[in-house]
Amino acid sequence: MNAKPANHLVSIAVDGPVGAGKSSLCDALAGALGILHLDTGAMYRAIGLYTLNAGIRQDDEDALKRMIELEDARVTVDFIDGQQVTLLNGVDITSRLREEAVGIAASAVSKHAVVRKYLVRLQQQIAKERSLLIDGRDIGTVVLPDAKIKIFLTASAEERAMRRYRQLLDDGKGADYHKVLMDLKARDEQDENRAVDPLRPADDAVILDTTGLRFDESLQKMLDIVNKAYES
Ligand code: DC
């Protein structure tokens, strides 16, 4: 494994659909490069959690506008021992973010321009201060359009669903593969067809399809993309 040390501000944008292995691969890649990993999905999840706690319907555009304007849902991130901690109004809510209901709420609030504008600005501010690998859905297209390195990570829907299914079984949660696959396709559809900042590869992104690849093979391919970008 080989990677160029980050000795100046480096921004790496990684986008891709749900279940492409972004979180774990990005953690490993950032670790190998010695930079921090910002998971922007956690920020949408924080807003989703706020709406659940505050009883705001995720399709109530006016209520979402008020929430942002009045700064009722202040999202901040911190890095402790290299790991992202996500705060909502100063309270660490990291442990709540993987809940299924929070993911669904996050997906629904992420359709709204007012929410996206707030979080995109925050993400751009964070990226100005330090070298980062940022993962999300719109990083290469909207958040960091000038990033030197853009990777679009994908895999077949069936393989992504199988990975998710195995993860649920490993976590001791019962799961039905066909339901997992249908939910995943519905999330893809929602992310790709959203009117504001839909999921799509930036024109200058390298597309990495990890179907049939092991974790270490996918990671090595990401490292190869980074190294190649620094050679040119
Ligand atoms: O990656 P994730 O599952 O934690 O993301 C949660 C939701 O947030 C997902 O439905 C898509 C949305 N999201 C987004 O719209 N833009 C991002 N940059 C990151 C996530």
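Note that the coordinates shown come from a computational prediction; the quantities given were computed from them, not determined experimentally. All ligand and atom numbering here is 1-based and tracks the order in the structure.
- Closest to atom 3 (O) of ligand 1 by heavy atom, among Arg98, Gln123, Arg45, is Arg45.
- Of the protein's heavy atoms, Tyr44 CB, 3.4 Å lies nearest to atom 8 (O) of ligand 1.
- Across Arg194 and Lys111, no two heavy atoms sit closer than the pair CD-CA, 3.8 Å.
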Can you give me every donor-acceptor pair (side chain of residues 153-168, partner residue at least two apart or in another chain, under 3.5 Å) with its distance?
| unit_1 | atom_1 | unit_2 | atom_2 | d |
| --- | --- | --- | --- | --- |
| Ser156 | OG | Glu159 | N | 3.1 |
| Glu159 | OE1 | Gly212 | N | 3.1 |
| Glu159 | OE2 | Arg163 | NH2 | 3.0 |
| Glu159 | OE2 | Gly212 | N | 3.2 |
| Arg160 | NE | Ala155 | O | 2.9 |
| Arg160 | NH1 | Val18 | O | 2.6 |
| Arg160 | NH1 | Asp188 | OD1 | 3.2 |
| Arg160 | NH1 | Asp188 | OD2 | 3.4 |
| Arg160 | NH2 | Asp188 | OD2 | 2.7 |
| Arg163 | NH1 | Thr210 | OG1 | 3.4 |
| Arg163 | NH2 | Thr210 | O | 3.2 |
| Arg163 | NH2 | Thr210 | OG1 | 3.1 |
| Arg164 | NH2 | Glu100 | OE1 | 3.3 |

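- Only the side chain of Ser110 comes within contact range of ligand 1, with a heavy atom under 4.0 Å; no backbone atom does.
- Considering each of Lys111, Lys22, Arg137, the one bringing a non-hydrogen atom nearest atom 9 (C) of ligand 1 is Arg137.
- Close approach to Ser107 involves these atoms of ligand 1, each under 4.0 Å from a residue heavy atom: 10 (O).
- For the ligand labelled ligand 1, residue Val18 lies outside the 4.0 Å heavy-atom shell.
- Counting heavy atoms under 4.0 Å from ligand 1, residue Arg187 touches it through the side chain alone.
- Counting only heavy atoms from C-beta outward, the side chains of Leu133 and Val14 approach each other to under 4.5 Å.
- Between Ile93 and Tyr50, the closest side-chain pair of non-hydrogen atoms is not below 4.5 Å.
- Using a 4.0 Å cut-off between heavy atoms, Met43 makes no contact with ligand 1 at all.
- For the residue pair Ser218 / Gln220, no side-chain donor-acceptor distance below 3.5 Å is found, with atom types taken as modelled.
- For atom 16 (N) of ligand 1, the closest non-hydrogen atom of the protein is Arg116 NH2, 3.0 Å.
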Donor-acceptor list for residues 138-149 side chains, cut-off 3.5 Å, not counting sequence neighbours:
| unit_1 | atom_1 | unit_2 | atom_2 | d |
| --- | --- | --- | --- | --- |
| Asp138 | OD2 | Arg116 | NH2 | 2.9 |
| Thr141 | OG1 | Asp138 | O | 3.4 |
| Lys148 | NZ | Ala229 | O | 3.4 |

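- Side-chain N/O atoms of Gln84 and His37 include no donor and acceptor closer than 3.5 Å.
- Within the 4.0 Å heavy-atom cutoff, Arg194 counts among the residues contacting ligand 1.
- Here the side chains of Leu87 and Val77 are not in contact, with every heavy-atom distance at 4.5 Å or above.
- For atom 18 (N) of ligand 1, the closest non-hydrogen atom of the protein is Asp138 OD1, 2.8 Å.
- With respect to atom 7 (C) of ligand 1, the closest heavy atom belonging to the protein is Ala106 CB, 3.9 Å.
- Protein heavy atom in closest approach to atom 19 (C) of ligand 1: Thr40 OG1, 3.4 Å.
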